[in-house]
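Here's the structure, in structure tokens; my notes come after.
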Amino acid sequence: MRSIAWQMVKAHRLGFVGAFIAILCGTAVVAACGVLMESGIRSGVPTERYAAASVVVGGAQVVQPDGAPFMEAKPVGSVPTIPVELAAKIAAVPGVASTAVESTFEARAVAADGTVWQALGHNWESAVLTPFDVREGRAPDGPDEVVVDAGLARRAGVEVGARLGVMTTSTPTTYRVVGIAGQDGLAKQSGLYFTTTQAEHLSGEPGRVRAIGVFARDGVDPSDLAERIERALADDHVTVAAGEDRGGVEFAEVGQSRVMLMAIAGSFAGIALLVAVFVVAGTLALSIDQRRRELALLRAIAATPRQIGRLIGLETRVVASAAAALGAAAGVLVADRLRDGFAAIGVIPHDLALAVGPIPLVAAFLLGLGAAQLAARVAARRPARIPPTEALVEAAVEPREPGRWRGVTGAGFLVFGAALAVVPLFARTEAALAMTGMSVLLMVVGVGVLGPRVAQPLVGLVARPLAAFGIGGYLAAHNSRANARRLSAALTPLMLSIAFAVVNFYSQTTIGTATRQEADAVTTADQVLSAPGGLSPEVADAARRIPGVGAVTPLVRTNVITVSGTGEAVHVTRSPASGVDSVSGNLDFGVVTGSLDDLRGDTVAVDGESGDDVGDEVELYLDDGTRTTLRVVATYERGLAFGRYLLPADLARAHSSTRTDTSVLVRLSPDADHTATTPALAALSDRYPGLTVTDRSQLAPAERAEQRTQFWVNVLAMGVILGYIAIAVANTLVLTTAQRRREFALLRLIGATRRQVVRTMRAEALLLVGIAVAAGTLLPAVPLVLLSIGLTGSPLVAGPLPVYLGVVGFTALLGFLAIGLPTRLSLRARPIDAIGVRE
């Protein structure tokens, strides 16, 4: 049987080339996603501040409640601190030579001219972790002294003996520069070093530190030492890191990037695998369908259905093994390009390296091979089971309509997709966006499964007017009617490419528009105060004292992590939230029950769709991973723009790395003199350098930054998937067109000219592309309209029209080229020679 399968593959090389390309590309995309997922688990970035330390101990970087799987873990937004007492506990671990604690806090260096540089403040004792030595001057010895790293000193133009303002959570304090540390400074950050007492005071967290650096004794392996320390601190909820993992403790955004990379790669891989199975199944079905005469003959000479199925499976395995192996290897290159793309849009740091291991590649190979085998089994179902008496009869004409099981399956996909499309009408949440995309994908799959059942009525609508356009239109109309199965095989990937691109792009633009509209509706303030790095909590009080100011609301952007369960499954969700105080006059959240005036202490206000009510207790994790239970004092209906949770401003501020306000909203009194009040607000920048005053239109919604990142992630993913679909489209169309050489030869032998054949194929391409554009537009149109109604109240989908026109134009060009080029190549042969080519 194997030798027969090999002979079959060699005899039908053209038919199997399409399957080979589809499997190779699909496996490459899946392998790339696997490599990215492994990189999210194992990779890291080089450390800077902890380069000299063997092991670094810091706070827990992720929230993973008991029972939650690894993929459900969510990164904290603000770097947590740990008790300084742990240093003594670590020092008692065998193999530890010494420890050094690091106090770290957000600080801004302010020059005499008011220029502000972002920096991090530290205690001088932690400089040994880098290590930093004093290049000029000496170490700080008093509360008014500071050592500046060389890079910041060069940018700020300060020398030993100069005076430098440093601002944390109040007005700038002037320090005397007593030393310049290091040679070139740090690449990603700037450092200010104070005495231990002053650093502890400025950090605002006495008795707690950002990290503890550990130096190993001579001959002790850092990895082994890290394991011992981890066992000793098993009950202290800390992160112990050695090697490249030290960078994750230093740069909190690395942990967030790694979790995001795993989530993106995981969902991306799922979509890619689904599309791959669908494309490979269509390609194999087309290839097998074009061999009906051969398979019918095998059935007629007593081949059993099992033997036919086994033969097709062996043929597919021969082709798929080579394709999947090459695809798995090519996946490393695709992963590298995706990594560069994700770094360019800010999802991951540029220096986060790929971690390439054998597991993703082997898994991609097995998935590619398994997808091909599954597709082969589905495609071989009909030719393997038709009775021998029907085989030869049916081989001369196109098979009947698909069986009942395909009709039921296709209808099931359509119904399920339609059910998901209505979710946004009842839930204005992030899940609505995912449901919209999934509904379109399911409906496209449903149309593809139904195949000729859908293609025939669509062709019937177009064929009659097309037949009126000369001989080419007449032949194209009747060819398409007689070969609905072939048409549907080419129609599905074209339709999928348009629908996938449209729903991914316009769902993001719609939710972005909805967020901006709600932000405009919620914000009633006249002016917004902001500054790079945040505003001192004192700014709100200072603004209240300005004549003409009627209401002031400090706003703190933050995140919360919630845990929910379905049966034994545990789901962890990270959601944007806001810390507010005295919202009256500046923010209108549409309170449904309770009052935001009660938002103080351990309380919270929640979006009405959360299911919680006034008086309920909500358990959640704050931005630094602190677990807390808060009492609900109000519910509101406008949670899209500023988050699903509202916390007291002081609570949100206390659990953030900066301990500052993101912005301060100001409402002027009705009788205020704008020409005097606005300049007075701007004059606050004299006391708080960097402060700017803008109107409320400049206040960004809470989710805008994440939505912008998600938008570009979707665009990148859409580009990769569309590239794969484009290959599948060209693959299918070239295959179906090239297999029609005998048909072209017959037309020419009975009197048709080359130009007439080309016109016929051009008319078929027009019919195919027209149906694909119509179906590919209508399928996502309904879910997108429902999404728009649910989020904005309007059926008009937001987004630029040229993007849609570009997608349609690209798909149309692809369709015409994939049909036109092989047609012209096929017509080069003499008709008398081409008519003798076997099927």
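Side chains included, hydrogens not; waters and symmetry mates left out as well; all remaining heavy atoms used.
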Residue pairs meeting side-chain hydrogen bond (donor to acceptor under 3.5 Å, both in side chains), one or both in residues 22-33, sequence neighbours left out, come to none
Without hydrogens or angle criteria, can the side chains of [X] and [Y] be said to hold a donor-acceptor pair below 3.5 Å?
{"X": "Ser656", "Y": "Ser78", "answer": "no"}
{"X": "Thr777", "Y": "Tyr804", "answer": "yes"}
{"X": "Asp624", "Y": "His655", "answer": "yes"}

(Q) Counting only heavy atoms from other residues, nucleotides and ligands, does the tally under 6.0 Å from CZ of Phe413 exceed 12? (A) no
| message | Surrounding CZ of Phe816 (heavy atoms of other residues, nucleotides or ligands, distance under 6.0 Å), is the total greater than 12? | response | yes
Side-chain polar contacts of residues 765-774 - donor-acceptor pairs under 3.5 angstrom, sequence neighbours left out - could you list them?
none

Does any non-hydrogen side-chain atom of [Y] lie less than 4.5 Å from one of [X]?
{"X": "Leu622", "Y": "Thr558", "value": "no"}
{"X": "Leu529", "Y": "Thr692", "value": "no"}
{"X": "Val423", "Y": "Thr436", "value": "no"}
{"X": "Val35", "Y": "Ser39", "value": "yes"}
{"X": "Asp661", "Y": "Arg653", "value": "yes"}

Would you check if the side chain of Ser578 reaches a backbone N or O of Phe642 as a donor-acceptor pair within less than 3.5 Å?
-> yes
Quick one: does any side-chain atom of Lys74 pair with a main-chain N or O of Val62 as donor and acceptor, under 3.5 Å?
no
So, for [X] and [Y], which heavy atoms are closest and what is the spacing to 0.1 Å?
{"X": "Arg696", "Y": "Thr523", "answer": "NH1-O, 3.5 Å"}
{"X": "Pro360", "Y": "Glu38", "answer": "CG-OE1, 3.1 Å"}
{"X": "Val666", "Y": "Val552", "answer": "CG2-CG2, 4.5 Å"}
{"X": "Leu354", "Y": "Ala335", "answer": "CD1-C, 3.9 Å"}
{"X": "Gly533", "Y": "Thr660", "answer": "O-OG1, 3.4 Å"}
{"X": "Phe589", "Y": "Tyr636", "answer": "O-CB, 3.4 Å"}

Exercise for the section: Dump the intermediate steps for salt bridge (charged side-chain N to carboxylate O under 4.0 Å, His left out) on Asp607 and Arg638, then the final yes or no. Expected result: CA-CA 7 Å; Asp607 183 273; Arg638 295 172 176 172; over 6 Å; no
